[in-house]
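Right, one structure below, let's go through it.
Quick caveat: nothing in here was measured; it's all calculated off a predicted structure.
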Amino acid sequence: METLSKPAVGKAHGKVILIGEHAVVYQMPAIALPFLAADVTVTIKPKTGDSFVDSAYFTGRIQEAPATLYNFVETLNAVCDSFDETSKGLYIKVDSQIPAERGMGSSAAIACALVRALFSYFDREINDELLYKFISISETIAHGNPSGIDTNIVSVDTPLYYIKGTEPKSLSLNLPGFLITADTGLKGQTKEAVNDVGELFKKSRTKTEGLIHSFGQLTNKAKSAIENHDIQTLGDILTKAHGHLTQLTVSNRELDTLVQTALSTGALGAKLTGGGRGGCMIALAKNVDHAKEISRELLEAGAKETWIHNLGDSYND
Ligand code: MEV
């Protein structure tokens with residue numbers, strides 16, 4: 001390995017699922033947006049002896065990392081093994097602005113930034129296929145049965161329309177309005193929620209299949225609304241999607257409260273986003289003042305943090 005004068009750096013960002021979470025595990029489409037307001041940087045430098053991780057979750061020798069970092073350690077080992085390099089002798093710093101376990105793609109983004117930093121450190125050529133392969137190692141440990149949507153969206157700058165097992169398609173998004181994302185402050189439970197939807201299938205196959213299928217149709221209608229720049233219709237669809245997710249048992253009281261708060265403040269639509277059972281919700285507003293008002297009400301109703309995202313540069317000043 002060459003000694004680098006500069007540390008190797010890898011970056012990635014979070015994500016918001018606009019619509020289609022959970023159904024996407026069952027081959028239905030989903031639409032995800034890159035969440036550029038929250039990103040992660042992994043920096044790697046050489047050091048002597050055992051590798052060391054410096055992060056908000058754990059700081060110490062990699063051998064002593066807690067079980068929650070198992071996906072990180074396994075991804076590190078897999079990349080180093082593929083290069084025939086030792087995973088010792090690395091100082092790895094993780095700086096993440098993405099709240100962990102909130103359905104914002106934190107685990108996939110950290111894996112993506114780690115893989116990019118390792119490829120740069122060992123001076124290897126990376127491509128999309130390799131990136132996907134190594135992030136998937138992390139995501140399979142973190143979530144059990146990932147659809148691949150988080151794995152795909154954390155490394156690209158455009159919204160994606162995605163069906164599991166197919167090439168994701170970039171979606172151009174230009175809408176007269178704003179997206180508010182609000183964090184309940186509660187850890188989401190993606191793995192448990194994904195498992196429980198699987199259990200619903202076992203208990204009541206026809207009903208669950210019908211629900212997932214109709215959720216897939218909603219996502220396709222959302223795609224058409226986006227293509228027609230029709231934020232009003234998109235809002236209605238998002239609120240309906242929250243109903244589907246509730247029936248799939250992945251909402252909870254806190255998410256429902258924030259969704260209701262947004263709707264009673266005139267949001268064009270609102271739903272949970274990501275794995276659910278905690279984590280974040282999203283709402284649509286017609287202009288920036290409306291978005292700020294909704295954001296204030298959400299904070300008043302218990303949200304820990306909110307973000308406002310412009311959905312259309314050509315519409316909104
Ligand atoms: C998690 O961000 C999205 C889920 O649909 C799981 C997955 O697609 O892997 C809940």
Side-chain angles (χ1 to χ4, degrees), residues 14-35 71 75 100-112 131-156 159-169 171 187-223 237-238 240-252 255 271-282:
K15 65 101 208 301
V16 167
I17 296 192
L18 188 66
I19 187 165
E21 53 275 268
H22 288 285
V24 68
V25 173
Y26 300 93
Q27 247 70 39
M28 289 295 129
I31 298 171
L33 315 181
F35 195 77
N71 54 333
T75 309
E101 297 176 65
R102 301 296 210 282
M104 291 173 83
S106 160
S107 62
I110 290 175
C112 179
L131 188 59
Y132 186 88
K133 173 181 144 186
F134 288 117
I135 305 174
S136 296
I137 293 175
S138 172
E139 284 299 276
T140 303
I141 296 169
H143 298 315
N145 181 21
S147 65
I149 191 159
D150 290 15
T151 308
N152 278 294
I153 191 72
V154 294
S155 62
V156 297
L160 292 181
Y161 174 86
Y162 177 71
I163 298 176
K164 187 177 177 180
T166 68
E167 210 38 50
K169 293 192 176 71
L171 200 62
K187 285 186 175 178
Q189 296 168 29
T190 301
K191 195 169 187 170
E192 291 77 3
V194 169
N195 281 341
D196 288 354
V197 174
E199 286 303 314
L200 271 190
F201 258 99
K202 286 186 201 150
K203 265 196 240 146
S204 152
R205 180 150 205 114
T206 318
K207 188 171 168 222
T208 311
E209 243 168 27
L211 202 53
I212 294 276
H213 188 256
S214 116
F215 196 5
Q217 286 177 327
L218 276 184
T219 300
N220 281 329
K221 286 186 186 153
K223 180 170 177 276
I237 293 169
L238 296 193
K240 281 194 187 120
H242 186 72
H244 281 61
L245 289 161
T246 304
Q247 288 190 63
L248 289 172
T249 75
V250 299
S251 191
N252 69 359
L255 285 164
K271 65 180 275 292
L272 72 86
T273 178
R277 307 258 176 90
C280 293
M281 56 76 68
I282 52 173

Q. Does the side chain of V25 reach to within under 4.5 Å of the side chain of V197, using non-hydrogen atoms?
A. no

Q: Compare every heavy atom of I153 with every heavy atom of K15, then report the nearest pair and how far apart it is.
A: CB-CG2, 3.2 Å

Q. What's the shortest heavy-atom distance between V156 and P34, and which atoms?
A. O-CB, 3.5 Å

**Q.** For V250 against H22, the heavy-atom pair lying closest together
**A.** CG1-NE2, 3.6 Å

Q: Please name the pair of heavy atoms, one in V154 and one in G105, separated by the smallest distance, quoted to 0.1 Å.
A: CG1-O, 3.9 Å

Q: Give a yes or no on whether the backbone of I137 and the side-chain of T140 come within a donor-acceptor separation of less than 3.5 Å.
A: no

Q.
Using a 3.5 Å distance criterion without hydrogens, assess whether the side chain of S138 forms a donor-acceptor pair with backbone atoms of A111.
A. no

Q) Within a strict 4.5 Å, meaning less than it, do heavy atoms of the L245 and S251 side chains meet? A) no

(Q) Checking the side chain of E139 only, and the main-chain atoms of A108 only, is there a donor and an acceptor separated by less than 3.5 Å? (A) yes

Q: Only counting residues at least two apart or in another chain, list the ones meeting ring pair (Phe, Tyr, Trp, His ring centres under 6.0 Å) with Y162.
A: none

Q: State, with a plain yes or no, whether a side-chain heavy atom of V194 is found less than 4.5 Å away from one of H143.
A: no

Q) Is it true that a side-chain atom of R277 and a backbone atom of T249 form a donor plus acceptor pair closer than 3.5 Å? A) yes

Q. Does a side-chain heavy-atom distance below 4.5 Å link C280 with L272?
A. no

Q) Under 4.5 Å between any side-chain heavy atoms of L211 and H244, yes or no? A) yes

Q. Can you check whether K271 reaches E21 side chain to side chain, under 4.5 Å on heavy atoms?
A. yes

Q: Could you pull out all residues at least two apart from K203 that satisfy salt bridge (Lys or Arg N to Asp or Glu O under 4.0 Å)?
A: none

Can you give the donor-acceptor pairs under 3.5 Å from side chains of residues 215-222 to other protein atoms, not counting sequence neighbours?
| residue | atom | partner | partner atom | Å |
| --- | --- | --- | --- | --- |
| T219 | OG1 | F215 | O | 3.2 |
| N220 | OD1 | Y161 | OH | 2.5 |

Q) Any donor and acceptor pair, going by atom type alone, linking the side chain of S204 with main-chain N or O of L200 inside 3.5 Å? A) no

Q | I19 side chain near I237 side chain, heavy-atom distance below 4.5 Å | A | yes

Q.
So does I17 get a backbone contact from the side chain of T273, meaning a donor-acceptor N/O pair under 3.5 Å?
A. yes

Q | Pairwise side-chain contact, I212 with L248, heavy-atom cut-off 4.5 Å (strictly under) | A | yes

Q | Sequence-distant partners of Y132, ring pair (Phe, Tyr, Trp, His ring centres under 6.0 Å), two or more places apart | A | none

**Q.** For K240, salt bridge (Lys or Arg N to Asp or Glu O under 4.0 Å) partners two or more places apart
**A.** none

Q.
To check you understand the geometry: which heavy-atom pair defines the closest contact between G275 and A193, and what is its length?
A. O-CB, 3.5 Å

Q) So, for S107 and A142, which heavy atoms are closest and what is the spacing to 0.1 Å? A) OG-CB, 4.2 Å

Q: Return the set of residues passing side chain to side chain contact (heavy atoms under 4.5 Å, CB included) with K187 (not counting sequence neighbours), or none when no residue passes.
A: E101, R102

